Amino acid sequence: MIKFCLAFWFFIALVSSEKFRFDNYSLYNVLPKNENEIKLLQELAHNDIEYDFWTEPGPSAEFVNIMASPSQKYNLETLLNLHGIDYKVTIKNIQEIIDKETVKPYTRNSRFMTWDSYYTLRDIENWMSDMAKAHSSIVTEIVGGVSYERRPIKGLKISHGTGRQVIFIESGIHSREWITMATTCYIINELLTSNDEETKAAARDFDWYIFPVTNPDGYVWTHTEDRLWRKNRRPQRGDIGVDLNRNWNNNWLVIGASANPSSNNFAGIGPFSEPETRTLSEYIRSIDNIEMYLTFHSAGQILLIPFGNTTEPLANYHDALNIGRRAMGALSVRYGTQYTSGNIAEAIYHASGSSMDWVKEVLHVPLAYCYEFRDRGQFGHLLPPDQILPNSQEVMDSLIELIHQGKRFGYFNNSDVVKASMLSTSCLVIVLKCFM
Ligand code: 0X9
Ligand code: ZN
């Protein structure tokens, strides 16, 4: 009897831990030609939570990525054909693409990540730990908050001294957007090991707070159970998960967010209802001197600035957009990748309760940007590993340019650091004179 019970338990464990498969699910790249077609797609997105819209049909959307299950494909295609809406099937069988995605193991103490593979949460954390040990005079391991399943939100602080302005990077809040965690690790690696003079200066001149995985429960879930999971993992009225980029206490649930727990844009039961956003926001609030806040998402190749609830050019809209557009020029140099820029509402769609709007409105951070990384409709959240390196390199290029252009527009003028470096230069001159 005991043997039977054990065998039964083992069978149940095996069945219940089986990964969700996306056999014959397809990705559609829908290309609306006019406002009417966009309206129709918007109705479909809002009335039918069955389809998984990987990108939302915003008023100026040039393309919309929709995933459909085998049983939905016929209905979706019929509807699009009926209204004469153009589309391409960019991934016929999503499971095939998932199967090709490499997740390599990280070798402890090697400090070596390859930029042609994705990594698990544990490996990213181990790698960060090893990097902190190897660069202990400038790197500190930091914890920005805690998840529903009690995982710490781990990150690194890179600092070459006191009194510097802060650049804060929040990444991976949407767990299926794997390219964001990978690129964030690449940026950490560059700031710590690059020989490029501008990158070294960027590392030296700022205090960097970098969190590659701000939704750790969701990220683990994407590796173990459902590759395309977006929200956190807290049970909600018969469903699971809140969209952590709709849960911040700024215009919460006002627009572009859902009150339905089944929706991928579910805003939660109240502002900061979720441990991840509550604890992370407290942490961010505790940091003085944030000059630039970056949040990383995918996909669409868009650089967004606040705000998501209105198209009005609020705060320092014109400066931010000018700086951002120039940075996207720098991004395009290496591989020709084109980004569009604008505030959230004008460039994509109305969406309130996001982290970027909160840091801008509540903490008055001078520069706040949201990147939507590669690509533009072909693979979406399943960006093939051979694009990790190019995506990371071009984003790094743009980051250097953001700093450069920011300075030209009067930002990043950290008088303390300037004074400190002037002081060290004059000390050097005095020492040299003594020896002459
Ligand atoms: O809808 C979102 O939360 C983001 N797009 S995504 O496809 N990655 O889900 C964009 C939100 C706008 N960005 C910020 N306000 N940070
Ligand atoms: Zn996202």
Side-chain angles (χ1 to χ4, degrees), residues 27 42 45-46 52-58 61 63-67 168-181 183-184 212-215 218-219 222 228-232 241-258 263-268 276-277 280-281 284 292-311 314-315 320 324 339-363 365 367-377 379-383:
L27 186 65
Q42 283 172 341
H46 298 139
D52 188 347
F53 277 73
W54 288 10
T55 56
E56 291 273 329
F63 71 93
V64 178
N65 264 160
I66 307 174
M67 178 174 77
F168 195 107
I169 300 181
E170 163 238 295
S171 173
I173 207 165
H174 287 149
S175 44
R176 64 189 179 182
E177 297 167 12
W178 281 12
I179 184 59
T180 64
M181 299 82 172
T183 291
T184 306
V213 192
T214 50
N215 175 9
Y219 191 55
T222 60
L228 293 169
W229 188 260
R230 166 183 165 99
K231 305 187 280 182
N232 76 348
V242 167
D243 181 351
L244 296 177
N245 210 30
R246 298 289 182 283
N247 190 240
W248 296 64
N249 191 7
N250 175 249
N251 290 316
W252 177 80
L253 198 55
V254 169
I255 193 162
S258 172
S263 161
N264 252 341
N265 297 126
F266 178 49
E276 293 86 352
T277 49
L280 187 60
S281 63
I284 298 169
M292 181 157 79
Y293 187 92
L294 304 176
T295 166
F296 291 160
H297 288 255
S298 73
Q301 294 171 206
I302 315 170
L303 185 76
L304 300 161
I305 61 170
F307 289 91
N309 61 314
T310 168
T311 51
L314 295 179
Y339 272 55
T340 50
S341 327
N343 79 18
I344 305 167
E346 70 189 350
I348 44 172
Y349 43 81
H350 285 88
S352 65
S354 74
S355 61
M356 175 166 76
D357 282 5
W358 183 81
V359 298
K360 184 72 192 165
E361 176 90 0
V362 179
L363 304 185
V365 170
L367 295 172
Y369 293 99
C370 169
Y371 278 72
E372 295 279 357
F373 291 160
R374 290 187 182 196
D375 54 14
R376 285 181 62 78
F379 293 101
H381 303 313
L382 296 171
L383 197 69

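For clarity, every value in this text was computed on a predicted model and none was experimentally measured. Order of listing sets the numbers, starting from 1, for every ligand and every atom in it.
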Next on the checklist: I want to check something: taking the side chain as every heavy atom from C-beta on, are W252 and N247 in contact at a cut-off of under 4.5 Å?
Outcome noted: yes

Next on the checklist: Students should find this: residues with any non-hydrogen atom under 4.0 Å from ligand 1. What is the answer?
Outcome noted: W54, H174, E177, R230, N245, R246, T295, H297, S298, L304, I344, I348, Y349, S354, M356, C370, E372

Next on the checklist: Let's go through E276 and T214 carefully: what are the C-alpha distance in whole Å and the side-chain angles of both, what is the deciding distance for side-chain contact (heavy atoms from CB on, under 4.5 Å) to 0.1 Å, and is it a yes or a no?
Outcome noted: CA-CA 7 Å; E276 293 86 352; T214 50; over 6 Å; no

Item to check | Residue and atom names of protein N/O/S atoms that fall under 2.8 Å from the Zn ion (ligand 2) | outcome: H174 ND1, E177 OE1, E177 OE2, H297 ND1

Item to check | F53 side chain near N264 side chain, heavy-atom distance below 4.5 Å | outcome: no

Checklist entry - What is the ring orientation for F373 with F296, classed by angle as parallel under 30°, tilted 30 to 60°, or perpendicular over 60°? => result tilted

Checklist entry - Which atoms form the tightest heavy-atom contact between Y339 and L303, and what is the distance? => result CD2-N, 3.9 Å

Item to check | Under 3.5 Å side-chain donor-acceptor pair for N215 and N232 | outcome: no

Checklist entry - Can W358 and S281 be said to form a side chain to side chain donor-acceptor pair (under 3.5 Å), step by step? => result CA-CA 9 Å; W358 183 81; S281 63; 5.9 Å; no

Item to check | Heavy-atom check, side chain of N309 versus side chain of E361, under 4.5 Å | outcome: no

Checklist entry - Hey, what's the ring geometry for H297 with H174, parallel, tilted or perpendicular (30° and 60° as the breaks)? => result perpendicular

